[in-house]
Number of protein chains: 2
Amino acid sequence: MFKKWTNGLSKCELFKGITEEELNLVFCCLKPKVNTYERNELVTIAGEKYTGLGIVMSGQVVVTKENAAGNRVILAVNGPGEMFGEMSAFSGDGVWPVSVVARAACTVMFLPAGKIICNCERLCASHRQLITNMLEIVSGQALVLHRKLEYLTIKSLRGKISTFLLEQYKEANCTTFTISMKRNELADFLNVSRPALSREMCRMRDEGVMQFQGNSIKIKELEALKEMVE
Amino acid sequence: MFKKWTNGLSKCELFKGITEEELNLVFCCLKPKVNTYERNELVTIAGEKYTGLGIVMSGQVVVTKENAAGNRVILAVNGPGEMFGEMSAFSGDGVWPVSVVARAACTVMFLPAGKIICNCERLCASHRQLITNMLEIVSGQALVLHRKLEYLTIKSLRGKISTFLLEQYKEANCTTFTISMKRNELADFLNVSRPALSREMCRMRDEGVMQFQGNSIKIKELEALKEMVE
DNA sequence: TCAATACGGTAACCGTGGTTACCAAAAGTG
DNA sequence: CACTTTTGGTAACCACGGTTACCGTATTGA
């Protein structure tokens, strides 16, 4: 039934521990809707009616948030198997809290929220697993938001950059690494203006703290960088 | 067994839909730990070993987050029945993501995280309810963080104040209301400095947009305020 | 292959808000 | 009741970063 998206399905944490057979039964019950989108097309619009938990089957989407002043903040870049709108599925006010844009042509599956939590008899085991998975995922999402808060509460631009670089360094476990965001995306992520980001990065380069060309970055003075976080 | 905290227990959303009888059985299985704290005493310290889901039985605690630069941000003020650390229970790295301080003398119950999710036979029904409740709560928490993000992404101080006042107004459903935070707490909440907050509030007062004395606030020009959000 | 668009570095200007310091009123505390 | 501590308003100073504008280089697409 959903064979062509095996990739997206198998990568999705929501279905972790559920066999392909059981999954088919689950889908018969949940009746997901599947849509396709072109690059830059709007998948969801913040404030509009909630259409259910979104799961990217193929392609890539950007999850963004706009405040009243019109500042856009990137919350996530999601690929196959990754979800969005999971927070609103069980505790929302029925509207999308985020806007989602197709970063590349993509296929997205929407699961009706109410059906995940309801208890039908024949799917008991899978349902239980589904709910437990959901719990783990939503907790994880909350922690991501929490981490995002850490960035936004840093006041100095240099502090934000330093924190970001140190996290990337910790993840790569190497002083040379490539970041996945373009400059203006990074600026959005850190909630600063693009020219200001560029200016400060070049200053740090001129001071010998780091080097970069394009998205490839090399930390030159790790200790100096750590002190800039504060 | 836990009669003396009936107030805290009955107010807690985690136990919604579970009778007092069942609750006793649940507690026999979960084996919660209960501690008491004096005013200003530290309940948890961010970064230290996670001790389990915290539920306030009596008194009041302040949940705070400190970033590397030492800026403190108040995430919540929790009273009886309210919880903290719910995000880390199921998807944390085993350490407290927040610091919690007793705002008044208080009693706190800690539920071991692993035991909530495990499936013992005799508590099946209550367990299922507990997990479902947990899902709803954690989703709600994620949305709160999401809302918090909205404040922090507002760049102008006036925009932050206006947004805050409008939310208070909406909650009180009246142009006159009392806020629960002192000036320096509000400054922390909005992530600005106290003198700057004071300065801007007085400017808004002088412009005739609002009035205030102490924590009592009166909005004079609602429409003007709404325009200041942007 | 060429035109259009996206991307990113640079510079000048200046407004917002952080910092510091001081003071007066209010609230605890012996 | 006097004393200390907390709270919050006020003012001067100035640095950080937003804004705008421009330009060279990559990418993209017809």
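To find a chain, count down the sequence lines: A is the first, B the second, and so on, and within it residues start at 1.
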Of all heavy-atom pairs between Gly214(A) and Arg183(A), which one has the smallest distance, and what is that distance?
O-NH2, 3.0 Å
Shortest non-hydrogen pair, Ile219(B) vs Leu165(B), comes out as CD1-O, 4.1 Å
Looking at residues at least two apart in the chain, or sitting in another chain, which of them share a side chain to side chain donor-acceptor pair (under 3.5 Å) with Tyr50(A)?
none
From [atom1] of [X] over to [atom2] of [N], roughly how many Å is that when rounded to an integer?
X         : N       : atom1 : atom2 : value
Met201(A) : dG17(D) : CE    : C1'   : 16 Å
Met204(B) : dG9(D)  : CE    : P     : 14 Å
Ile154(B) : dG17(C) : CD1   : P     : 12 Å
Glu200(B) : dG15(C) : CD    : P     : 15 Å
Arg203(A) : dG9(C)  : CZ    : P     : 14 Å
Leu152(A) : dG17(D) : CG    : C1'   : 16 Å
Leu190(A) : dC16(D) : CG    : C1'   : 16 Å
Arg183(A) : dG8(C)  : CZ    : P     : 6 Å

Atom pairs and distances, side-chain donor-acceptor, residues 166-174 of chain A, under 3.5 Å, sequence neighbours left out:
{"from": "Glu167(A)", "atom 1": "OE1", "to": "Arg147(A)", "atom 2": "NE", "distance (Å)": "2.9"}
{"from": "Glu167(A)", "atom 1": "OE1", "to": "Arg147(A)", "atom 2": "NH2", "distance (Å)": "2.8"}

Please list, chain by chain and in numerical order, all residues satisfying side-chain contact (heavy atoms from CB on, under 4.5 Å) with Val56(B), sequence neighbours excluded.
Val61(B), Asn78(B), Phe84(B)
What residues, two or more places apart in sequence or in another chain, satisfy side-chain contact (heavy atoms from CB on, under 4.5 Å) together with Val192(B)?
Leu157(B), Lys160(B), Ala187(B), Leu190(B), Leu197(B)
Sorted by chain and residue number, the salt bridge (charged side-chain N to carboxylate O under 4.0 Å, His left out) partners of Arg203(A) (sequence neighbours excluded) come out as Glu200(A)
Listed by chain and number, what are the ring-ring contact (aromatic ring centres under 6.0 Å, His included) partners of Phe110(B), not counting sequence neighbours?
none
Tell me, with the steps shown, if Ser99(A) and Thr64(A) meet side-chain hydrogen bond (donor to acceptor under 3.5 Å, both in side chains).
CA-CA 5 Å; Ser99(A) 291; Thr64(A) 65; 4.8 Å; no
To the nearest 0.5 Å, how far apart are CD1 in Ile161(B) and CD1 in Ile154(B)?
10.5 Å
Enumerate the residue pairs fulfilling salt bridge (charged side-chain N to carboxylate O under 4.0 Å, His left out) with a member in residues 37-62 of chain A, sequence neighbours excluded, ordered by first and then second residue.
none
Bend across the helix from dT1(C)-dA30(D) to dG30(C)-dC1(D), to 10°, with axes taken over 5 pairs at each end?
60°
Scan residues 195-227 of chain A for pairs that pass ring pair (Phe, Tyr, Trp, His ring centres under 6.0 Å), counting only residues two or more places apart or in two chains.
none
Here the residues of residues 205-216 of chain A within 4.0 Å heavy-atom distance, strictly under, of DNA chain D are none
Can you pull every protein N or O that's under 3.5 Å from an N or O on nucleotides 18-21 of chain C?
{"from": "dG18(C)", "atom 1": "OP2", "to": "Ser193(B)", "atom 2": "N", "distance (Å)": "3.3"}
{"from": "dG18(C)", "atom 1": "OP2", "to": "Ser193(B)", "atom 2": "OG", "distance (Å)": "3.1"}
{"from": "dG18(C)", "atom 1": "N7", "to": "Arg199(B)", "atom 2": "NH2", "distance (Å)": "3.3"}
{"from": "dG18(C)", "atom 1": "O6", "to": "Arg199(B)", "atom 2": "NH2", "distance (Å)": "2.5"}

Distances under 3.5 Å only, N/O to N/O: pair up the protein atoms with those of nucleotides 28-30 of chain C.
none

Could you check whether atom CD of Gln60(A) has more than 12 heavy atoms from other residues, nucleotides or ligands sitting under 6.0 Å from it?
yes
